J.: 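First, the structure itself, so that you have it in front of you.
Ligands are counted one by one from 1 in listed order, and the atoms in each one are counted from 1 as well. Treat the numbers as computed from the prediction; the structure is a model and nothing was measured.
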Amino acid sequence: MSSYLIAGRTPLEGEVRISGAKNSALKIMAAALMVPGKVTLTRVPRITDVTLMAEVLTRLGAHVESDGDRLTIDASGELSDETPYDLVTRMRASIQVLGPLLARLGRARVAMPGGDAIGSRPIDLHLGGLERMGAKFTSEHGFVEGVADRLHGTRVLLDFPSVGATENLLMAAVTAEGTTSIENAAREPEIQDLAVFLNRCGAKVAGAGTPSITIVGVPELHPGSHEIIPDRIEAGTYAIGAAATRGDVTLTDMRPDHVELLQLKLEESGAEVTRGDDELRVAMSGRPRPLDLVTLPYPGFATDLQPLMMVLLGQAEGSSILTENVFEARFLFVDELNRMGCQIRVEGHHAVIRGIEHLSGAPVRAPDIRAGAALVIGGLCAQGETEVFDIEHIARGYEDFDAKLAGLGAALTVRQ
Ligand code: UD1
């Protein structure tokens with residue numbers, strides 16, 4: 001595992017172009033399994049999770065080629081129904097091949113997912129919804145095995161607007177017999193992007209981005225191409241990074257409407273936020289003001305940005321309360337921030353953050369993608385030097401993270 005050595009007290013300043021969205025690219029790649037022909041995707045982020053998903057698709061029998069940010073996937077040949085254990089346990093998003101495989105082959109065998117160390121992440125909502133559409137599941141030896149002669153349309157009411165379950169059901173319903181409606185569906189922009197892609201390939205999906213999605217089944221999809229939307233979590237990372245380091249950063253080629261609540265929260269904390277059509281400028285001069293924050297499914301405040309907000313609020317002039325409602329174990333990295341001098345106390349799914357004037361550089365370990373990015377931003381804010389270990393987690397989700405930060409004036413070196 002490698003590490004970043006970071007010189008502290010460096011404000012981020014300048015312009016950064018936002019890459020394509022990881023959480024959109026991974027699902028659209030899985031959806032390409034349903035297309036018996038060539039799919040071309042552009043603005044695909046060059047990150048490890050995309051490489052892993054490409055490997056999953058290849059092992060299933062698809063032909064995948066990449067050229068810069070362009071990816072072509074051809075799943076017209078014979079496909080296997082088994083998703084390998086070694087890949088699924090390294091990336092939870094590989095569970096998203098379940099719906100497409102069931103739809104295309106009528107059977108699927110997928111290892112139980114792994115992924116980030118951010119808490120127990122069951123797939124009961126995925127399986128329950130697919131069962132309502134006619135699939136039968138058994139679970140043995142760490143694998144879930146599903147069969148379905150032909151999936152049929154139905155009404156699925158989700159207990160919770162799970163992103164992954166909404167996407168799996170949406171994909172499975174596209175070629176099911178009849179009409180499916182998903183109620184209490186997740187509303188994330190990545191789900192809308194998936195629906196736009198599927199519709200380009202001949203699907204009939206309406207209502208994606210609202211809590212009620214309707215899918216009229218079609219017999220088959222046809223080849224298509226699609227540009228992935230900008231990554232709102234990457235955008236949020238640099239926006240919060242600008243505020244936390246008391247810098248001035250303009251995010252370009254992004255979607256300000258996908259990070260509206262973040263803009264409000266940054267303003268509430270004292271940052272100056274200027275919004276353009278596809279740009280956002282965030283500048284901060286003094287210490288942040290404390291605030292209370294609650295993570296919720298979209299359009300609520302993104303749980304993925306919670307660790308970064310912890311770094312900002314850790315330096316506020318006063319105390320903040322942060323409530324985590326999506327992933328119970330997302331506070332695990334708080335111990336690392338406290339190693340950097342932060343005063344954060346966790347009680348259940350609440351964190352009480354008593355702001356301090358300066359973080360202090362320390363050796364810390366990145367436990368997952370977003371907490372890893374947050375620790376790097378913390379290092380840029382801190383007095384002295386910080387070493388963030390296990391940075392491979394960060395490369396799973398951020399394209400050119402160190403190069404983009406260096407472009408904004410950060411002094412960080414990679415140690416192998
Ligand atoms: C996706 C994102 C992740 C983000 C999360 C919430 C990807 C690859 N990952 O993860 O970055 O943090 O959305 O915005 O897109 N749950 C169940 N049963 C299920 C499914 C989920 O109980 O069958 C629970 C989970 O344990 C969790 C909550 O629902 O507590 C949210 O999970 P979900 O929305 O499904 O997130 P993911 O799709 O895994």
J.: If you count heavy atoms of other groups shown closer than 6.0 angstrom to CZ of Phe137, is the number above 12?
T.: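 Yes, because the 6.0 Å sphere around CZ of Phe137 holds more than 12 heavy atoms from other groups.
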J.: With respect to atom 13 (O) of ligand 1, which of Ile191, Val163, Asn23 exhibits the smallest heavy-atom separation?
T.: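 Residue with the shortest heavy-atom distance to the ligand atom: Val163.
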J.: Has Lys27 got any heavy atom lying under 4.0 angstrom from an atom of ligand 1?
T.: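 Yes, Lys27 has a heavy atom closer than 4.0 Å to ligand 1.
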J.: Need the ligand 1 atom indices (1-based, order shown) with element for anything under 4.0 Å from a heavy-atom of Arg92.
T.: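 In order of number, 39 (O).
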J.: Mark up the atoms of ligand 1 that fall under 4.0 Å of a heavy atom belonging to Leu125, in ascending order.
T.: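 So the answer, numbered in order with elements, is 18 (N), 19 (C), 23 (O).
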J.: I'd like to check which ligand 1 atoms, numbered from 1 as shown, lie under 4.0 Å from a non-hydrogen atom of Ile123.
T.: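 Atoms satisfying the 4.0 Å criterion: 19 (C), 23 (O).
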J.: Is the closest heavy-atom distance from Gln306 to ligand 1 below 4.0 Å?
T.: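 Gln306 does not count as a contact of ligand 1 under the 4.0 Å cut-off.
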J.: Considering only heavy atoms, does Leu127 approach ligand 1 within less than 4.0 Å through its side chain, its backbone, both, or neither?
T.: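 No part of Leu127 comes within reach of ligand 1.
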J.: Would the number of heavy atoms belonging to other residues, nucleotides or ligands and lying under 6.0 Å from CZ of Arg109 be above 12?
T.: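 Result for CZ/Arg109: enclosed.
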J.: Show the nearest heavy-atom pair for residues Cys201 and Val35, with the distance to one decimal.
T.: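 Nearest heavy atoms, Cys201 then Val35: SG-CG2, 4.2 Å.
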J.: With respect to Asp124, determine whether any N or O atom, backbone or side chain, lies less than 3.5 Å from an N or O atom of ligand 1.
T.: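 Yes.
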J.: Measuring only between side-chain heavy atoms, which start at C-beta, is Ile377 closer than 4.5 Å to Ile240?
T.: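 In short, these two side chains do not touch, never coming nearer than 4.5 Å.
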J.: Does Ala186 have a non-hydrogen atom less than 4.0 Å from ligand 1?
T.: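 Flag not set, Ala186 not near ligand 1.
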J.: Would you indicate whether Arg200, at its atom CZ, is surrounded by more than 12 heavy atoms from other residues, nucleotides or ligands within a distance under 6.0 Å?
T.: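 Count over threshold, so yes.
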J.: Which ligand 1 atoms does Gly164 reach within 4.0 Å, using its non-hydrogen atoms?
T.: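 In order of number, 35 (O), 38 (O).
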J.: If a pair satisfies side chain to side chain donor-acceptor pair (under 3.5 Å) and one of its residues is in residues 50-60, list it, with sequence neighbours excluded.
T.: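 Listed by first then second residue: Arg59-Asp86.
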J.: Do Val50 and Leu26 have side chains that get closer than 4.5 Å, going by heavy atoms?
T.: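 SC-SC contact between Val50 and Leu26 confirmed.
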J.: Indicate whether any N or O donor in one side chain lies under 3.5 Å from an N or O acceptor in the other, for Glu220 and His222.
T.: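 No, His222 and Glu220 have no side-chain donor paired with an acceptor closer than 3.5 Å.
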J.: For Phe160, take its heavy atoms, then give the atoms of ligand 1 lying under 4.0 Å from any of them.
T.: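 Reading through ligand 1 atom by atom, the close ones are 28 (C), 29 (O), 31 (C).
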J.: Within a strict 4.5 Å, meaning less than it, do heavy atoms of the Thr245 and Thr10 side chains meet?
T.: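 Not in contact.
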J.: If you measure from atom 20 (C) of ligand 1 to every heavy atom of Ala165, Gly128, Pro122, which option wins on shortest distance?
T.: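 Minimum heavy-atom distance to atom 20 (C) of ligand 1 goes to Pro122.
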J.: Check each atom of ligand 1 against the heavy atoms of Asp304 and keep those under 4.0 Å away; list them by number with element.
T.: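 Those atoms are 3 (C), 4 (C), 11 (O), 12 (O).
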J.: Hey, is ligand 1 close enough to Ala93 that some N/O pair sits below 3.5 Å?
T.: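 No, no N or O pair falls under 3.5 Å.
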J.: Is there a side-chain contact between Pro256 and Gln263 in this structure, where contact means two heavy atoms from C-beta onward sitting under 4.5 Å apart?
T.: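 When only atoms from C-beta onward are counted, Gln263 and Pro256 do touch, with a gap below 4.5 Å.
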J.: Sequence neighbours excluded, which residues qualify as ring-ring contact (aromatic ring centres under 6.0 Å, His included) partners of Tyr398?
T.: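 If we apply the ring-ring contact (aromatic ring centres under 6.0 Å, His included) test to Tyr398, skipping adjacent residues, the hits are Phe401.
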J.: Can you check whether Phe327 has an N/O within less than 3.5 Å of an N/O in ligand 1?
T.: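 No, Phe327 has no N/O under 3.5 Å of an N/O on ligand 1.
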J.: Would you mind listing which atoms of ligand 1 come within a distance below 4.0 Å of any non-hydrogen atom of Arg330?
T.: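 The list of qualifying atoms is 12 (O).
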J.: Check whether any N or O atom of Ser162, backbone or side chain, sits under 3.5 Å from an N or O atom of ligand 1, and answer yes or no.
T.: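 Such a contact does occur with ligand 1.
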